[in-house]
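Down below is the structure, laid out as structure tokens.
Read the numbers this way: they start at 1 and go in the same order the structure lists the ligands and their atoms. The figures that follow rest on heavy atoms only: side chains count, while hydrogens, waters and symmetry mates do not.
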Amino acid sequence: MKLLDIIGGEELTGTIRISGAKNSSVALIPAAILCDEEVTICNVPEISDTDNLCDILKALDVETKRASESIIINPKKMKNIEIKESFSTKLRASYYFMGALLGKYKKAEMYFPGGCSIGARPIDLHLKGFEALGATVKSEGNKYTVEAEELKGANIYLDIASVGATINIMLAAVRAKGKTIIDNAAKEPEIVNVATFLNNMGAKIRGAGTSTIKIEGVDHLHKCFHEVIPDRIEAGTYIIIGALCGKDLKIDNIIPEHIESLLSKLEEIGVKLEIGSDYVIVSKRDNYKSTNIKTLVYPGFPTDLQQPFTTLLTQCNGKSKVTETIWENRFMHVPYLVDMGADVTVKNQTATIMGPTKLKGREVVATDLRAGAAMVAAALVAKGKTRISNVEHILRGYENIVEKLKNVGAKIESLEI
Ligand code: EPZ
């Protein structure tokens with residue numbers, strides 16, 4: 001098992017360069033198989049989620065070449081076979097192969113996806129979208145077979161503005177006959193990044209980033225080159241760390257517009273920010289004010305930053321409230337924060353935080369990806385040593401996190417037992 005040992009109390013200064021977005025990359029890699037020719041995707045982070053998706057490509061005989069931050073994918077010789085359960089359950093985003101294989105071959109066979117245990121994480125909206133396009137869905141236990149004689153454009157209304165369902169339906173529709181309209185579509189920047197990739201191949205997608213996406217089916221998708229956008233959640237995580245223990249800490253290669261909700265909340269509590277065109281410089285200040293946040297779909301406050309932000313709220317004066325509206329089980333970091341000395345209570349979907357409290361180093365667990373990030377943030381300001389276990393969760397979504405933090409002065413070591 002992988003562990004992180006962190007000695008808190010250091011002032012972090014210098015520059016952290018943000019990597020490509022995990023939640024774009026994990027959709028772009030499966031989307032690449034829709035192409036009839038070779039595609040190159042650059043700025044792909046080297047994290048276990050992207051590695052696991054490349055393993056699925058290899059199992060489908062898709063040629064992939066990893067060259068540092070780029071992946072060259074050639075689906076010319078691929079075969080459409082069942083994706084084994086051991087692959088499907090490695091991560092949530094494996095389900096994008098359903099939409100991509102259905103879109104390309106009109107058939108997909110795979111198992112219920114994996115992912116962080118932050119909720120039930122159903123895929124009913126994905127399957128409803130596939131059925132609207134003319135597919136039949138058969139499920140036997142954990143296995144899904146989705147197939148269609150023909151895929152025809154349809155008008156699809158999403159009951160929830162689901163990121164995954166929006167992208168998966170887009171993947172299934174780009175080569176369908178006729179026009180598809182996705183209403184109440186999610187508007188996250190990663191969706192725009194995927195739509196741009198598909199349009200670069202010759203797809204006809206309009207309206208990505210708005211709640212109505214229109215897709216004209218096409219027959220052929222050609223060679224293209226594409227770039228992953230910077231990871232807004234990684235950026236937000238390091239900016240929160242800067243608010244806790246930074247001194248002129250520069251978070252570089254970001255798109256500030258993608259984290260406007262976070263930046264305005266940080267300014268509201270009194271964090272010192274210099275916001276540039278593609279960077280933020282952040283310094284810790286004393287006497288932060290308490291505030292309330294409610295997680296919402298984009299452009300609201302992102303649920304993926306709720307957990308690290310909760311750590312920051314333990315250092316703010318007075319009572320703060322965090323309401324989680326997206327996932328039903330996203331407070332698993334709280335017991336560990338309390339063990340470190342924080343005053344946090346959870347009732348239904350709201351955490352109440354009384355601050356500021358002094359945090360002490362403890363043995364804690366990364367229960368999921370972003371809870372792990374909350375533990376790293378807490379450990380960096382706690383007195384003494386914190387040991388974080390189950391670090392595999394963190395390494396799924398934060399490229400080179402140990403090196404990035406060490407380079408700005410953190411006392412952090414990774415070890416394996
Ligand atoms: C994506 O998950 C992200 N993951 C999540 O980030 C993120 O928290 C989430 O979007 C919300 O922003 C990836 O992009 C790989 P949803 P996704 O479908 O697509 C319900 C991280 O930390 N729902 O937008 O799975 C669902 O239960 C991860 O990087 C259905 O009911 O999220 C949830 O309550 C964690 N039926 C809500 O919608 C469905 O068919 C939003 O889920 C699909 C979703």
Sequence neighbours excluded and cut-off under 3.5 Å, please list the side-chain donor-acceptor pairs for residues 159-169, or say none.
from: Asp159; atom 1: OD1; to: Lys128; atom 2: NZ; distance (Å): 3.1
from: Ser162; atom 1: OG; to: Gly164; atom 2: N; distance (Å): 3.4
from: Ser162; atom 1: OG; to: Ala165; atom 2: N; distance (Å): 2.9
from: Thr166; atom 1: OG1; to: Ser162; atom 2: O; distance (Å): 2.6
from: Thr166; atom 1: OG1; to: Ala186; atom 2: N; distance (Å): 3.0
from: Asn168; atom 1: OD1; to: Gly99; atom 2: N; distance (Å): 3.0
from: Asn168; atom 1: ND2; to: Tyr95; atom 2: O; distance (Å): 2.9
from: Asn168; atom 1: ND2; to: His126; atom 2: ND1; distance (Å): 3.0

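A donor-acceptor pair under 3.5 Å is formed between the side chain of Lys104 and the backbone N or O of Cys35.
For the residue pair Thr350/Thr323, the side-chain donor-acceptor check at 3.5 Å is satisfied.
Listed by chain and number, Lys22, Asn23, Val26, Arg92, Tyr95, Ile118, Arg121, Pro122, Ile123, Asp124, Leu125, His126, Ile160, Ser162, Val163, Gly164, Thr303, Asp304, Ile326, Trp327, Arg330, Leu369, Arg370 each place a non-hydrogen atom less than 4.0 angstrom from ligand 1.
In this structure, OH in Tyr157 is found 10.0 Å from OG1 in Thr212, a value given to the nearest 0.5 Å.
With contacts defined as side-chain heavy-atom distances shorter than 4.5 Å, the pair Leu359/Gln315 qualifies.
Using cut-offs of 30° and 60° for the angle between ring planes, the Tyr298 and His258 rings count as perpendicular.
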